[in-house]
Asks: 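Supplied in C-alpha cells, the structure appears directly below.
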Amino acid sequence: MRAFVYERYGPPENLRLAEVDRPVPAAGEVLVKVLAASVNAADWHVLRGKPLFSRATLGLLRPKHRILGVDIAGQVEVVGGGVSGFQPGDQVYANLLDHGYGGFAEYATVPVGVMAPKPANLSFEEAAAVPMAAVTALQGLGRHGPLQPGQTVLINGGSGGVGSFAVQLAKAAGAEVTAVTSTPNLEVVRSLGADHLVDYTTTDVAAGGRRYDRILDTVGNRSVAELKGALADGGKAAVTGFTSVGRLLAVSLRGGKDIAQVQAHVTTEDLERLSELIEAGRVRPRIDRRYRFADLPAAIAYLEQGHARAKVVVEVP
Ligand SMILES: NC(=O)c1ccc[n+]([C@@H]2O[C@H](COP(=O)([O-])OP(=O)(O)OC[C@H]3O[C@@H](n4cnc5c(N)ncnc54)[C@H](OP(=O)(O)O)[C@@H]3O)[C@@H](O)[C@H]2O)c1
C-alpha cells in the first residue's frame with residue numbers, strides 16, 4: 001500500500017510517499033481502507049518532534065512511528081480476532097492518537113475502542129474531520145460536568161478545528177456562547193452559532209470585565225491569572241490548547257480545582273455521542289480546505305500556520 005513515511009524530525013517536506021506493507025489487524029482490531037483523513041496540530045507537533053520533551057515517548061533520536069495521521073474515515077476491510085459488531089464493508093470513522101498513528105496511508109489497523117460507524121449524513125471527508133477536534137471540544141467542555149442551559153461560555157479560538165466544534169457543542173447544550181477570533185473569521189464563527197464575538201486583534205477579552213461560567217481555551221495563550229479573572233463565581237475553565245511549555249506547566253501546576261489542562265483521549269462512546277448530534281443536525285464539521293493525498297505535506301504546512309478556518313481534510317485514493 002502507499003503511505004506517507006518519515007525517518008527524521010523536521011518540516012512537512014520530510015514526509016515521503018512510499019510503498020509499505022499493508023498492516024495486519026491484531027485481536028480487537030479491524031483493518032480499515034482509509035478513504036479520507038484530516039490533519040491536526042498533533043500531526044505537525046509529532047512530525048517536528050516538538051515540544052522536545054515529547055521525544056521521550058515519540059523517540060529520542062528518531063521517530064518511533066514512521067507513519068503519522070490520527071483522524072481517518074473509511075471502510076472496514078478485514079476484521080481481527082474477537083471483534084464483534086463490525087464487518088467488512090462497514091463505513092467507520094476513528095482516531096489513532098493513542099494507538100501509534102498510521103492514518104496517512106491507504107490502510108490502517110484500528111482498535112475497535114476508538115472507532116464508530118460513520119455518521120450517515122456525512123461524506124468520508126467530513127467524517128474524518130470530526131474525531132480529534134470534536135472529542136477534544138467535547139471533553140474540554142465537559143471536564144467540569146455537563147454544561148447547563150443558559151450558562152455563559154467563553155470559547156477562546158472559535159474558528160480553529162477544536163473551537164469550531166466547541167462553539168456548536170456549547171450551543172447544542174443551550175449555553176450562551178462568546179467566541180474569541182480574529183477579524184477575517186468573525187462571520188465564520190457567527191455562522192457556527194456564537195451569540196457574541198470578540199475580535200482579538202482589537203479587543204483583549206481578559207480586560208473586558210465580562211465573566212463566564214465556563215471557559216474553554218482552545219489556544220492556550222492565556223495565563224492562569226487571566227483565566228481566573230474571567231471566571232464568574234463558581235466558574236470553571238478547561239485548557240486544551242498549547243502555545244508554550246511554560247503556559248502548559250503553569251496551568252497544570254497552578255490551575256487548582258477550577259482550571260484544568262485537558263488532554264483528550266478519543267473513545268467509541270464519545271464518537272457515538274457526536275454521531276447522534278451530527279445526525280440530528282445540531283453539529284456539522286466545517287471544512288476549510290481539501291487536499292489530494294499526494295499533497296498531504298502542503299495540508300500540514302497550511303495547518304501549521306495556525307489560522308485554519310476549522311478543518312483541513314485529505315482525500316485518500
Ligand atoms: N489537549 C488535546 O487533547 C488537544 C487536542 C487537539 C488539539 N490540541 C491543541 O489545541 C490547539 C488548537 O488545536 P486546533 O486543532 O483547534 O488548531 P487549529 O485548527 O490550527 O486552530 C488554531 C486556531 O487558533 C486561533 N488563534 C490563534 N491565535 C489566537 C489568539 N491569540 N486568540 C484567539 N484565537 C487564536 C486561530 O484563529 P485565527 O485565524 O483567527 O487567528 C485558529 O483558528 C493546538 O495547540 C493543538 O495542539 C490539543
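Start at 1 and go down the list; that is how both ligands and their atoms are numbered.
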Asks: Are Lys118 and Asp90 close enough for a salt bridge, meaning some N to O gap below 4.0 Å?
Replies: no
Asks: Considering non-hydrogen atoms of the protein only, which is the closest contact for atom 18 (P) of ligand 1, and what is the distance?
Replies: Gly161 N, 3.9 Å
Asks: State, with a plain yes or no, whether a side-chain heavy atom of Thr267 is found less than 4.5 Å away from one of Glu272.
Replies: no
Asks: Yes or no: does Asn40 have any heavy atom under 4.0 Å from an atom of ligand 1?
Replies: no
Asks: Show the atoms of ligand 1 that are less than 4.0 angstrom away from any heavy atom in Thr181.
Replies: 40 (O)
Asks: In plain terms, say whether Arg292 and Glu315 are close enough for a salt bridge, that is, a side-chain N and a carboxylate O under 4.0 Å apart.
Replies: no
Asks: Less than 4.5 Å apart, any side-chain heavy atom of Arg247 and any of Ser223?
Replies: yes
Asks: Hey, is Thr218 touching ligand 1 through its side chain, its backbone, both or neither, going by heavy atoms under 4.0 Å?
Replies: backbone
Asks: May I ask you to identify the nearest protein heavy atom to atom 6 (C) of ligand 1, giving residue, atom name and distance to one decimal place in Å?
Replies: Thr136 OG1, 3.6 Å
Asks: Tell me which one of Ala166, Ser159, Gly158 gets a heavy atom nearest to atom 37 (O) of ligand 1.
Replies: Ser159
Asks: Suppose we call two aromatic rings close when their centres sit under 6.0 Å apart. Are His45 and Phe242 close by that rule?
Replies: yes
Asks: Which atoms of ligand 1 sit under 4.0 Å from any heavy atom of Gly306?
Replies: 22 (C), 23 (C), 36 (C), 42 (C)
Asks: What distance do Leu154 atom CG and Glu176 atom CD have between them, rounded to the nearest 0.5 Å?
Replies: 11.5 Å
Asks: For ligand 1, indicate whether the residue Asn156 contacts it via side chain, backbone, both or neither (heavy-atom separation under 4.0 Å).
Replies: side chain
Asks: List the closest protein heavy-atom neighbour of atom 48 (C) of ligand 1: residue, atom name, distance to the nearest 0.1 Å.
Replies: Thr240 O, 2.9 Å
Asks: With heavy atoms of Ala264 as the reference, note each atom of ligand 1 found under 4.0 Å away.
Replies: 2 (C), 3 (O)
Asks: May I ask you to decide whether Asp258 forms a salt bridge with Arg214, counting only side-chain N to carboxylate O separations under 4.0 Å?
Replies: no
Asks: In terms of atom number and element, which parts of ligand 1 are under 4.0 angstrom from non-hydrogen atoms of Val262?
Replies: 1 (N), 2 (C)
Asks: Is Arg48 salt-bridged to Glu304, cutoff N-O under 4.0 Å?
Replies: yes
Asks: Please identify which atoms of ligand 1 are closer than 4.0 Å to at least one heavy atom of Asn221.
Replies: 30 (C), 31 (N), 32 (N)
Asks: Suppose I only count heavy atoms of Ala41 and a 4.0 Å limit; which atoms of ligand 1 are within that range?
Replies: 44 (C), 46 (C), 47 (O)
Asks: For atom 39 (O) of ligand 1, what's the nearest protein heavy-atom neighbour? Residue, atom name and distance, please.
Replies: His307 ND1, 2.8 Å
Asks: Tell me, which protein residue and heavy-atom name are nearest atom 28 (N) of ligand 1, and how many Å apart are they?
Replies: Tyr200 OH, 3.6 Å
Asks: Numbering the atoms of ligand 1 from 1, which are under 4.0 Å from a heavy atom of Ser182?
Replies: 38 (P), 39 (O), 40 (O), 41 (O)
Asks: Flag the pair Val239 / Leu216 as yes when at least one side-chain heavy-atom distance between them is below 4.5 Å, and no otherwise.
Replies: no
Asks: Let me check something: any side-chain donor-acceptor pairs from residues 17-37 under 3.5 Å, sequence neighbours excluded? List them with distances.
Replies:
residue : atom : partner : partner atom : Å
Glu19   : OE2  : Met1    : N            : 3.1
Arg22   : NH2  : Tyr107  : OH           : 3.4
Glu29   : OE1  : Ala26   : N            : 2.9

Asks: Aromatic ring centroids of Phe4 and Phe293 under 6.0 Å?
Replies: yes
Asks: Taking 4.0 Å as the limit for heavy-atom contacts, which would you say applies to Val162 with ligand 1: side chain only, backbone only, both, or neither?
Replies: both
Asks: A cation-pi test, strictly: NZ or CZ of Arg16 under 6.0 Å from the centre of the six-membered ring of Tyr6 and no more than 45 degrees from its axis. Yes or no?
Replies: no
Asks: Do Arg55 and Tyr9 meet the cation-pi criteria used here (NZ or CZ under 6.0 Å from the six-membered ring centre, within 45° of the axis)?
Replies: yes
Asks: Is the closest N or O pair between Gly160 and ligand 1 shorter than 3.5 Å?
Replies: yes
Asks: Is it the side chain, the backbone, both or neither of His45 that has a heavy atom closer than 4.0 Å to ligand 1?
Replies: side chain
Asks: Heavy-atom contact check, 4.0 Å cutoff: does Ala308 meet ligand 1?
Replies: yes
Asks: List the closest protein heavy-atom neighbour of atom 26 (N) of ligand 1: residue, atom name, distance to the nearest 0.1 Å.
Replies: Val219 CG2, 4.0 Å
Asks: Quick one: does Ala133 get within less than 4.0 Å of ligand 1, heavy atoms only?
Replies: no
